[in-house]
**Q** 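Can you read through this structure? Questions will come right after.
As a basis for the values below, the full set of heavy atoms in this structure was taken, side chains included, without hydrogen atoms, waters or symmetry mates. Whatever order the structure lists ligands and atoms in, that order sets their numbers, starting from 1.
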Amino acid sequence: MARVAELIGIGEARRRVLTVARTLGGESVPLDAALGRVLREEVRSPVDVPPFDSSAMDGFAVPPSADGALEVIDEARAGAPASTTLAPGTAVRISTGAPVPAGTEAVVPVERTEEDGGMVTVSPSKPGANIRRRGEDVAAGASVMAAGEVLRPAALGVLASLGRSAALCSERPTVAILATGDELVDPGAHLDPGQIWSSNPSALAGQARQEGGVVERKGRIPDDPEVTRRELASAAAGADVVVVSGGVSVGPHDHVKGALAALGAEELFWGVALRPGKPVWFGTLAVRGRSVLVFGLPGNPVSCMVCFQLFVRPAMKALQGADPDAARRTAVLEEDIARHPRRDQAVRCRLSSADDGLHAAPTGPQGSHVLTSMLGADALALVEAGEGVARRGDRISVELL
Ligand code: AMP
Ligand code: MG
């Protein structure tokens, strides 16, 4: 068939996706709601952290050259500094986190002291011992995080340590998810002969949420051109991204492409030299001045998830201003895999780590309908098209799931 020659590679398909995936706006997000969100600002610290010299131990703050018996003249607690200055021959009882009193040269841990009445006997310590210096963690003015970073728990903690209660984050893309097919029934409902439970929307919604999307699940679309057109138009009206599964191939009951053409969508590709996932369609639909990204994913459940991973995920990263290639790694292949002469293969793999880096072992049968091959898969190994075999021990590109 003539179309075979037109198939583009995974890299070219991703490039076309990324040329039209423009970053959404930003919004201030309270820290408690910011986990997993993409930072939109460079974070500089307005202050030194810690903000003052403080004790790293429970013990006694001592003046220079302290050795032997000292008079305990005051106490410094976390949140309640001492009011005195250390003079020669004196000490201040101090708790972890308390500001060290003026005149302190070191903190002697309580385990290395002996108290008797109002006196404490200490052994000598190095200048600066057990004192956390002001600004040791972050100096005022320092750049702490870059725009595009995905906020993980530590980032939320660091923002809070700078006194921030919110961060400027990218808006979350709204993702409308639709599934086409006369054979589909919602999970939980009764199956008549020839019907199957629709699994793609559940998997896709999970993938989209994992990428920071706000998911709008739409109903099933029967294999009818008019309904397909209407449902796609309605989904696009409220979404940044439309993901529709099934009906995108060349069968007489595949209506997604035709419906999108009727709506005036601009096709950026149809067909990628990829297994599984060849018939994937991508384009844009103009809706009241906005450009909605539309992905027509193959109905086969594995193809559907693989195409989300390889094409929709980078788009969602880009929409949020994050690195679309952040999931790329290299790994050592654990088994021989026969190459496909014309198509790159996305092989579901379990990863393990060894001295020479990550290793990738296929999860088992790789048919595009064998959805359980995605269970326990950590990555897709991308085995390039060509003659012969990708050998056990070869280093190949993998995409983390
Ligand atoms: P299609 O891409 O519409 O030709 O569908 C390819 C295969 O995927 C067929 O076996 C469909 O029954 C199956 N399929 C399509 N959509 C779904 C879905 N939502 N859940 C599970 N299987 C599906
Ligand atoms: Mg179908």
**Q** How about H359 and E334: does a side-chain donor come under 3.5 Å of a side-chain acceptor?
**A**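 Yes, E334 and H359 have a side-chain donor paired with an acceptor closer than 3.5 Å.
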**Q** Provide, to 0.1 Å, the distance between atom 22 (N) of ligand 1 and the closest protein heavy atom, together with that atom's residue and name.
**A**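 The answer is I196 CD1, 3.4 Å.
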**Q** Does either side chain, that of S170 or that of R40, offer a donor lying less than 3.5 Å from an acceptor on the other one?
**A**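 Side chains of S170 and R40: pair found under 3.5 Å.
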**Q** Identify the closest protein heavy atom to atom 4 (O) of ligand 1: which residue and atom is it, and at what distance?
**A**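 Going by distance alone, atom 4 (O) of ligand 1 is nearest to D254 OD1, 4.1 Å.
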**Q** Below 4.0 angstrom from a heavy atom of P201, which ligand 1 atoms are there? Numbered from 1 as shown, please.
**A**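 Taking each heavy atom of P201 in turn, ligand 1 has 19 (N) under 4.0 Å.
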**Q** Look at atom 7 (C) of ligand 1 and say which protein heavy atom is nearest, naming residue and atom and giving the distance to 0.1 Å.
**A**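 Nearest neighbour among protein heavy atoms for atom 7 (C) of ligand 1, to 0.1 Å: N300 OD1, 3.6 Å.
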**Q** Is any NZ, NE, NH1 or NH2 atom of the basic residue among R132 and D137 found under 4.0 Å from an Asp or Glu carboxylate oxygen of the other?
**A**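 No salt bridge links R132 with D137.
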**Q** Report yes or no: does a heavy atom of S303 sit under 4.0 Å from some atom of ligand 1?
**A**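 Heavy atoms of S303 never come under 4.0 Å of ligand 1.
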**Q** Provide, to 0.1 Å, the distance between atom 13 (C) of ligand 1 and the closest protein heavy atom, together with that atom's residue and name.
**A**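 Result: G299 O, 3.8 Å.
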**Q** What residue and heavy atom of the protein are closest to atom 3 (O) of ligand 1, and at what distance?
**A**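 Going atom by atom, the protein heavy atom closest to atom 3 (O) of ligand 1 ends up being G247 N, 2.9 Å.
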**Q** Counting only pairs under 3.5 Å, give me each side-chain donor-acceptor contact of residues 50-65, with atom names and distances, residues two or more places apart or in other chains.
**A**
from: D53; atom 1: OD1; to: R134; atom 2: N; distance (Å): 2.8
from: D53; atom 1: OD2; to: R133; atom 2: NH1; distance (Å): 2.9
from: S55; atom 1: OG; to: M57; atom 2: N; distance (Å): 3.2
from: S55; atom 1: OG; to: M57; atom 2: O; distance (Å): 2.6
from: D58; atom 1: OD1; to: T96; atom 2: N; distance (Å): 2.8
from: D58; atom 1: OD1; to: T96; atom 2: OG1; distance (Å): 3.2

**Q** Pairs of donor and acceptor atoms involving the side chains of residues 258-268, under 3.5 Å and at least two apart or interchain, shall be tabulated with distances.
**A**
from: E267; atom 1: OE1; to: K257; atom 2: NZ; distance (Å): 3.4
from: E267; atom 1: OE1; to: W281; atom 2: NE1; distance (Å): 3.0

**Q** Just to be sure I read this right, does ligand 1 sit under 4.0 Å from the backbone of V248, its side chain, both, or neither, counting only heavy atoms?
**A**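 V248 to ligand 1: no contact under 4.0 Å from either part.
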**Q** Considering non-hydrogen atoms of the protein only, which is the closest contact for atom 9 (C) of ligand 1, and what is the distance?
**A**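 Looking only at protein heavy atoms, the one closest to atom 9 (C) of ligand 1 is E183 OE2, 4.1 Å.
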**Q** What protein heavy atom lies closest to atom 19 (N) of ligand 1? Include the residue and the distance to one decimal.
**A**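 The protein heavy atom lying closest is S198 OG, 3.0 Å.
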**Q** Crowded around R77 CZ? As in, over 12 foreign heavy atoms under 6.0 Å?
**A**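 Not buried by this count: 12 neighbours or fewer within 6.0 Å.
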**Q** For S249 and ligand 1, answer yes if some heavy atom of the residue is under 4.0 Å from a ligand atom, otherwise no.
**A**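 False for this residue.
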**Q** Taking the side chain as everything from C-beta on, heavy atoms only, tell me whether R391 gets closer than 4.5 Å to D336.
**A**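 Side-chain contact under 4.5 Å: yes.
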**Q** Which residue supplies the protein heavy atom nearest to atom 17 (C) of ligand 1, what is that atom called, and how far is it?
**A**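 For this ligand atom, the closest protein heavy atom is N200 ND2, 3.2 Å.
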**Q** So that I can tick it off, tell me whether R328 and E399 are bridged by a salt bridge, with the cut-off set at under 4.0 angstrom between side-chain N and carboxylate O.
**A**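 Counted as a salt bridge, because a side-chain N and a carboxylate O are separated by less than 4.0 Å.
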**Q** Below 4.0 Å, non-hydrogen atoms only: which portion of C304 touches ligand 1? Side chain, backbone, both or neither.
**A**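 Neither part.
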**Q** Quick test of your reading of the model: are K317 and E211 salt-bridged, counting only N-O distances below 4.0 Å?
**A**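 Yes, charged N to carboxylate O under 4.0 Å.
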